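Encoded as structure tokens, the structure appears first; notes follow it.
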Amino acid sequence: DSGVTQTPKHLITATGQRVTLRCSPRSGDLSVYWYQQSLDQGLQFLIQYYNGEERAKGNILERFSAQQFPDLHSELNLSSLELGDSALYFCASTPSGFNEKLFFGSGTQLSVL
Amino acid sequence: SQQGEEDPQALSIQEGENATMNCSYKTSINNLQWYRQNSGRGLVHLILIRSNEREKHSGRLRVTLDTSKKSSSLLITASRAADTASYFCATDASGGSYIPTFGRGTSLIVHP
């Protein structure tokens, strides 16, 4: 158990809908990363937060947004969902977000039908 | 875009044999990490090697780093069926934002 909690584990929804994925980092970790894993794109970095502030942005679509709250949990919001958004979404956390190993959650499997 | 790329894409061996996976990357790095992923599960960190290090060991794992060739290798000795998983390298470009960027992984199958 990595100590990173992601909910829900599975999510099935329809095209055009909006969903929210939640992540609770390890106790004491200030930095949260979101990654998307799909068969065709591999593991893609989406966005990183540190202590409530956005620190780095990757291949995140404009339809997607995220935030990190004062209690350090993070949410990834996916809207106007398309079939191609079906993927495994991972959250990872680290203490400071620099040169450290990532602790991954078990992921949220999103299926858009 | 992928910074690191693993080779081979798939590897099938017998229990007891050694497994070697390679990772090549494009730009200078701060460090390189190897992760393991069991099917559909979260990634688990194996080893982090910094750009000024050449070799690290952890149990049956040995990682080498050759910054002149921009490559790394992960050796698993005396493989077990439980080692069956996908293995990923992750690099963060030096001078950048320290974001680990992952390759597509090597799928390892160890037959009992």
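Residue numbers begin at 1 in each chain, while the letters A, B, ... track the order of the sequences. Model, not experiment: these values are computed from the prediction.
Chain A forms the most heavy-atom pairs under 4.5 Å with one residue out of B:N31, B:L43, B:L48, B:V44, and that residue is B:L43.
A:F64 and A:W34 fall within a single hydrophobic cluster, where Ile, Leu, Val, Met, Phe, Trp and Tyr are joined by side-chain heavy atoms under 4.5 Å apart, directly or via other members. A:L43 and A:L110 fall into different hydrophobic clusters, defined by Ile, Leu, Val, Met, Phe, Trp and Tyr side-chain heavy atoms under 4.5 Å apart, directly or through other members.
Considering A:Y35, A:F90, A:Y33 in turn, A:Y35 is the only one that fulfils the ring-ring contact (aromatic ring centres under 6.0 Å, His included) rule with B:F102.
Of the atoms belonging to A:Q109, not a single heavy atom falls under 4.5 Å from chain B. Residue contact with chain B, scored on non-hydrogen atoms closer than 4.5 Å, involves the side chain of A:L88 exclusively.
The environment of B:Q9 atom CD is sparse: at most 12 non-hydrogen atoms of other residues, nucleotides or ligands sit within 6.0 angstrom. Remark: A:L61 CG is packed, more than 12 non-hydrogen atoms of other residues, nucleotides or ligands lying under 6.0 Å away. Shown here is A:E62, whose CD atom has no more than 12 heavy atoms of other residues, nucleotides or ligands within 6.0 Å.
Expressed to the nearest 0.5 Å, how far CG of A:L39 lies from CZ of B:R104 amounts to 9.5 Å. Atom-to-atom distance recorded for A:F104:CZ and B:R41:CZ is 14.5 Å, nearest 0.5 angstrom.
Listed by sequence position, the residues of residues 56-86 of chain B in contact with chain A number zero, using a 4.5 angstrom heavy-atom cutoff.
Judged purely by atom type and a 3.5 angstrom limit, B:Y35 has no side-chain atom pairing as donor or acceptor with the backbone of A:K101.
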Applying side-chain contact (heavy atoms from CB on, under 4.5 Å), run through A:Q48 and B:I99 and close with a yes or a no. CA-CA 8 Å; A:Q48 179 202 12; B:I99 301 298; 3.1 Å; yes
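Remark: B:S51 engages no residue in a side-chain hydrogen bond (donor to acceptor under 3.5 Å, both in side chains) (not counting sequence neighbours).
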